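Step one of this worksheet: look at the structure below.
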2 protein chains.
Amino acid sequence: MLSTMQDVPLTVTRILMHGMTIHGNSQVTTWTGEAEPQRRSYREIGERSAQLAHALKDELGVRPDDRVATLMWNNAEHVEAYFAIPCMGSVLHTLNLRLPAEQLAWIVGHAADKVVIVNGSLLPLLAPLLPHLPTVEHVVVSGPGDRSLLEGVAPRVHEYEELLAGRATRYDWPELDERAAAAMCYTSGTTGDPKGVVYSHRSIYLHSMQVNMSQSMGLTDADTSLVVVPQFHVNAWGLPHATLMTGVNMLMPDRFLQPGPLAEMIETERPTHAAAVPTIWQGLAAELAAKPRDVSSLTQVTIGGSACPPSLMAEFDRLGMRVCHAWGMTETSPLGTIARPPAHAVGTEEEMAYRLTQGRFPSGVEARLAGPGGEYLPWDGTSAGELEVRGPWIAGAYYGGADGEPLRPEDKFSADGWLKTGDVGVITPDGFLTLTDRAKDVIKSGGEWISSVELENALMSHPDVAEAAVVAVPDDKWGERPLATVVLKEGATTGFTELREFLAGSVAKWQLPERWTVIESVPKTSVGKFDKKVLRRQYAEGGLDVTTL
Amino acid sequence: MLSTMQDVPLTVTRILMHGMTIHGNSQVTTWTGEAEPQRRSYREIGERSAQLAHALKDELGVRPDDRVATLMWNNAEHVEAYFAIPCMGSVLHTLNLRLPAEQLAWIVGHAADKVVIVNGSLLPLLAPLLPHLPTVEHVVVSGPGDRSLLEGVAPRVHEYEELLAGRATRYDWPELDERAAAAMCYTSGTTGDPKGVVYSHRSIYLHSMQVNMSQSMGLTDADTSLVVVPQFHVNAWGLPHATLMTGVNMLMPDRFLQPGPLAEMIETERPTHAAAVPTIWQGLAAELAAKPRDVSSLTQVTIGGSACPPSLMAEFDRLGMRVCHAWGMTETSPLGTIARPPAHAVGTEEEMAYRLTQGRFPSGVEARLAGPGGEYLPWDGTSAGELEVRGPWIAGAYYGGADGEPLRPEDKFSADGWLKTGDVGVITPDGFLTLTDRAKDVIKSGGEWISSVELENALMSHPDVAEAAVVAVPDDKWGERPLATVVLKEGATTGFTELREFLAGSVAKWQLPERWTVIESVPKTSVGKFDKKVLRRQYAEGGLDVTTL
C-alpha cells in the first residue's frame, strides 16, 4: 500500500533555496588578512551561485554530470561552488591541496575533471600540474595570486569575478533525482590508488539534517561556526550544507590557518563554535598560552580526524571551550559518531570517560563489530572487532572512473553492502564507540585480537621508553604474534625481560610479546603517523636484530 | 551519474532499532491515577513491539498492508502499536476518540480496518459501534475497563497482555520500501466525508529528524516530554517517533487529561517539555492559579492546533514555561512552521511579535501564497494569500479506499501537486507565517481579500460588543462583501454607524462592512469555533434582519 505523501526529492537545491530565503540574512565571513574581512549574506551567496551556474553552463559549456573541481581554501567563493555545481546537475569535486602533486594529477584524471576553480594563492601548486591534466579545459581563478604562473601551461583561463559579473541572479534549477551524484572526494589511501567517494543529493541532505539534530552539533541561527576543517576534506564535515539549513553563520579562515590569525579571528569575530582536527587546536592552545586573547565567545568545539588527547581536552575545558569528539571518514560523509555524554553521566565522574570515546552512533548510522572469525560481536564494551557501518550517507562502493563500474573491494565492503571501516574498536551497550586499533595493525593471534596500540601505550608509559611500535609478525603456531620495537631514552639500560614484566602489569599474559628489538626511531608517514609497513618489511627482510624471550 | 552511497531505506524500523539499543534506557512513563505510574524502558518497548508483531501475525493473521486501528489514549501500549504495526509492514490507523460515532464507523469502514486495539476505558465508545464495523475481525483490549460490554457485539476478543505473554522479544523485521504506507489518520473535515492521509515510512522518518533539529523542538536525552497532544491526532505531532530517535523520555497522561492530574504529573515527574493545544493549557493555567504547584521543571511548551492567545503566552512566560507556537495540520505530519524567533530579535521588542506568528518554515517545507487571482504573492509581510506547501512529509493526495485511486480534489491540491492548506495568511521576507483567516471565510471583494478575522477582532475590541462574526455575502458589484453580525453586551445601545466609525480606526476604508445585523449569539461548532456556514445560510434564506449603511 502506497502512502499519499508528496514525492519530493531531497536535493542540495532545496538546502540552497531554504538558506537564501528563510535565512537570507545569515552570513559567510571570510578572513582576508586585511583590516576588514569579506562579508556575504546567504541571499548573496544564493544569487552568486546562480551567476556561477550561468557562467559554467553558458561560457564554459559545463553539462549535467560534468565534474567541476575546486582547489580552494575555505571561503565564500568555495561555498558558492558548493551549491552552484550540484544544483545545476553537475558534480563538485573538491581537491585536497595537501596531496603530493602526482596523486593530485592522478585524481583529476580519474575523475575526468573538466574545469578547475582555483584560489590565486594556490596557483604555485596548480600551474606545474596543468601540463599533466589533459581533461581540464578551463581554469577559473579567484582571489589574489600571480596569474602569470598560468602562462603557457593553462588551457582557457577565466577570472571568477569577471565570469559572474552581470549575469542573472536567478537560475531555473533543474529538479534532480535525489540519488544523482552531487559531489565527490578522494581518500588518500596509504596503499593503492586513491579511491573516489561520490556523495548523492540525498546523502548530503540527510547528513545535513543529522548534523543539525539536537544530539549532533545542534547549532542555531544564534551561532557562528568557525570552519577550520577544510572544505576539501569531506565537505568540511558537512558544515557548509548544514549551516544553510538552519541559518548558522560561517566564519571562514581562507589561507590564514596559523595559530596567530585563528586567535585573532576568534577574538574579533566571536564565533560560538569551531570544527577542526586536533593538531590545529594544539597550535591554538600554545598560541593562547603565549599571548592570551578573549576567546570567551567560543564555547563548543567539534574535534575529529583523530582522537583529541585528554590533556588538550582538559586545557580547552579550562578555556571554556567544550570539546566534543566526533568520528568519521571520507566514506561516512563524515558523521559516524559524536561524543555527547548521555544525560545520566553529565556532571558525574563518568562524563569524561564518555567524552573521550569516539562517541555515540546517531540515528542514521547502524553499526556492528566483526570479530576475528567474521562473527558479529556483542556491544559489551570489551569485545573488539572491526567496525562496519551502514546508512544513507555511508559509501557502498568507490567511483570506477568515467566508464567504469563502481568498485567494491572485498576488504572495504561486506557481501551485504556494509562499509568495513578498517578501524577496530569496542562498543558499550549504550552505543559509545572506542577505537583501539587499525584493522591492518591489529595482531591476529590464535583467533583472538591483540591491539598494537594498547601494547604501545603501555610500553611508552615506562620511564625508559621514548617510543615504541608493535607490529604483527607471522608465527607458525598462533598465526601472528606481536613484535615489540622499542626506542630507548638516551642512557637507558632497561632490558627486554624487565620491559616484558612491566607490560604484564597492564595487559593479559597471552598478549605479551616474545619478540623484541631496539630501534633508533620509529619510521613515520608524511603526516607523522607510525609507518608500521616499514617495520613489517624490515622484519620480513631480516633487517631487524630480534631477541626472542 | 549515480552516487556511490548505500541505498538504505528510511523506515520506522530504523527508528525503533536505534531507540531500543542506543537509547534503550530512556523511558515511557504512563500515568495510572494510582500511587505509581507505569515505567517502561525503550528497550522493553522494543521487545514488546516485537511480541505484539508476532501476536498480530501468528494469532490474528495480520498481513502486510492490513490496517490495524488503535482507539487509545497516550500510553506505552499505544507507543508499542506505533512501532509494531508499521515495522511488520502493516498500517497503523489511529482513531480519533472525539469523533461522533457515525463518523468513526464510516472511517473504520473506509480504511477497512481488520483489527482494533482499544483501551478498556474506551469500550463504552467502541462496543455500541462494533455491529456497524463489518471489516473488524479482532478486538484487542488493553488496560482497565468493563469487558462485559463486548459480549454479543464483538468478533474475536483478545487481552493485550495475554497476546504478548511468552512470545519472542525479537522479530525479523522485513526490509521495507521507504515509500510504503506506515500509518494513517483521517481529517475530521467540517464538510464532506473525512479524508484519509497515509504517511509513509519515509515521511515519518524525515519528519522525526526535522522535529529533532535545533531550530524545531530540538530536545535531547536530558529532556522528558509531556505528550498531551493525543496520539490519535497527527501521530502526537510526531513525538513518539522523534523521541526514540534521540532518547527523549516520554511522559504519557493516558486518560488523565484534566488540569488537576496534569499539574500533579508535572510536579512529580518533572517533565522539561510539553506539547498541547491551547485549551488544555488554559485549563492548566487556571488550575495553577487556584492551587500553585512546583512546575519549575517545565521550561518549554510547544503549542499548536490553534493560535495561543497572547494573554496565555504571557501567563506561561511568567510561570517560566516558554511557549513556542507551531502550525500544522493532519496533511503536514504536522510540522509546517515553528515560531522560534530569529537570533537578532531575541531580547528585543520584536521578539514577542515573532513568537505570536505561526512561525518559520523549516528546511523541509516549501511555501507559497496564492492570491485572489491565482497568482503567487511576494513574502512582504502584507500580501495575503492562501498558503500552499510542498515537502516530503506533506500530503499530495487522500486515501481512496481499499480499491480506489488516491483522491486529489482541486480545492485541496494544486495542479503541480502542492497542498492547498485552506489557510490565508502573510509571510515576512524572513519566512515567518501569520495566518489571518480560513480561505473559505475570507471575503473576496473586487479582486482583493478582506480578512473576516481581522474585522471580528477589531469589532470585539469595542467595549459594547460581546461577540462578532463577519461573513462573506454575495454582492453584485464587488462579488462579495462583508456582513457584520454583532452580539451586543447587555444594555448596550451602540448603533451600527458608531461601530462602523470605530472600525474605521483600524481597517482600510474599502474593507468596512455596509451590511450589519444584531444577533443573540454566534452559532458555534462542536469544538466551539464560530460556525459561519450557519450565518451564511441564515443570510441566504433571509433569516437575518440586515441594515445596509
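This structure is a prediction, so every number in the text was calculated from the model and none was measured. First the proteins, then the strands, lettered A, B, ... as listed; each starts at 1.
To the nearest 0.5 Å, the span separating CG on A:Asn212 from CD on B:Gln210 amounts to 9.0 Å. In this structure, the separation between CE on A:Met1 and CZ on B:Arg67 is 5.0 Å, given to the nearest 0.5 Å.
Looking at heavy atoms from C-beta onward, B:Pro392 lies in side-chain contact with A:Arg14 at the 4.5 angstrom threshold. Within the 4.5 Å cutoff, the side chain of A:Arg202 has heavy atoms near those of the B:Leu10 side chain.
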(message) Evaluate A:Gln215 against B:His23 for side-chain contact (heavy atoms from CB on, under 4.5 Å), listing each step before the verdict.
(response) CA-CA 12 Å; A:Gln215 302 273 53; B:His23 300 295; 4.0 Å; yes
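When heavy atoms are compared at a cutoff of 4.5 Å, B:Asp223 does not approach chain A at all. Only the side chain of B:Ser333 comes within contact range of chain A, with heavy atoms under 4.5 Å apart. Only the backbone of B:Val365 comes within less than 4.5 Å of a heavy atom of chain A; no side-chain atom from C-beta onward does. Only the side chain of A:Met184 comes within contact range of chain B, with heavy atoms under 4.5 Å apart. Only the backbone of A:Pro429 comes within contact range of chain B, with heavy atoms under 4.5 Å apart. Proximity to chain B is limited to the side chain of A:Tyr205, based on heavy atoms less than 4.5 angstrom apart.
Qualifying side chain to side chain contact (heavy atoms under 4.5 Å, CB included) partners for B:Lys114, counting only residues two or more places apart in sequence or in other chains: B:Asp66, B:Glu137.
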Side chains of residues 393-400 of chain A: which donor-acceptor pairs under 3.5 Å do they make with residues two or more places apart or in other chains?
residue, atom, partner, partner atom, Å
A:Trp393, NE1, A:Leu335, O, 3.1
A:Tyr398, OH, A:Glu331, OE2, 2.6
A:Tyr399, OH, A:Ala402, N, 3.4

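When all heavy atoms are compared, the tightest approach of B:Pro362 to A:His18 is C-CE1, 3.4 Å. B:Asp7 and A:Arg179 make their closest contact through OD1-NH2, 2.6 Å (heavy atoms, listed as atom of the first residue, atom of the second, distance). When all heavy atoms are compared, the tightest approach of B:Asp221 to A:Arg360 is OD2-NH2, 2.9 Å. Nearest approach of A:Gln6 to B:Val389, heavy atoms of both residues: NE2-O, 3.4 Å. B:Met5 and A:Ser200 make their closest contact through CG-N, 3.9 Å (heavy atoms, listed as atom of the first residue, atom of the second, distance).
Ranked by heavy-atom pairs shorter than 4.5 Å toward chain A, the options B:Gly218, B:Pro406, B:Gly89 are led by B:Gly218. For the set A:Ile15, A:Asn25, A:Leu206, the count of heavy-atom pairs under 4.5 angstrom toward chain B peaks at A:Leu206. The greatest number of non-hydrogen atom pairs below 4.5 Å with chain B, out of A:Thr246, A:Val211, A:Val197, is found for A:Thr246. Of the listed residues (A:Ile22, A:Val91, A:Leu219, A:Leu419), the greatest number of heavy-atom pairs within a distance under 4.5 Å of chain B belongs to A:Ile22.
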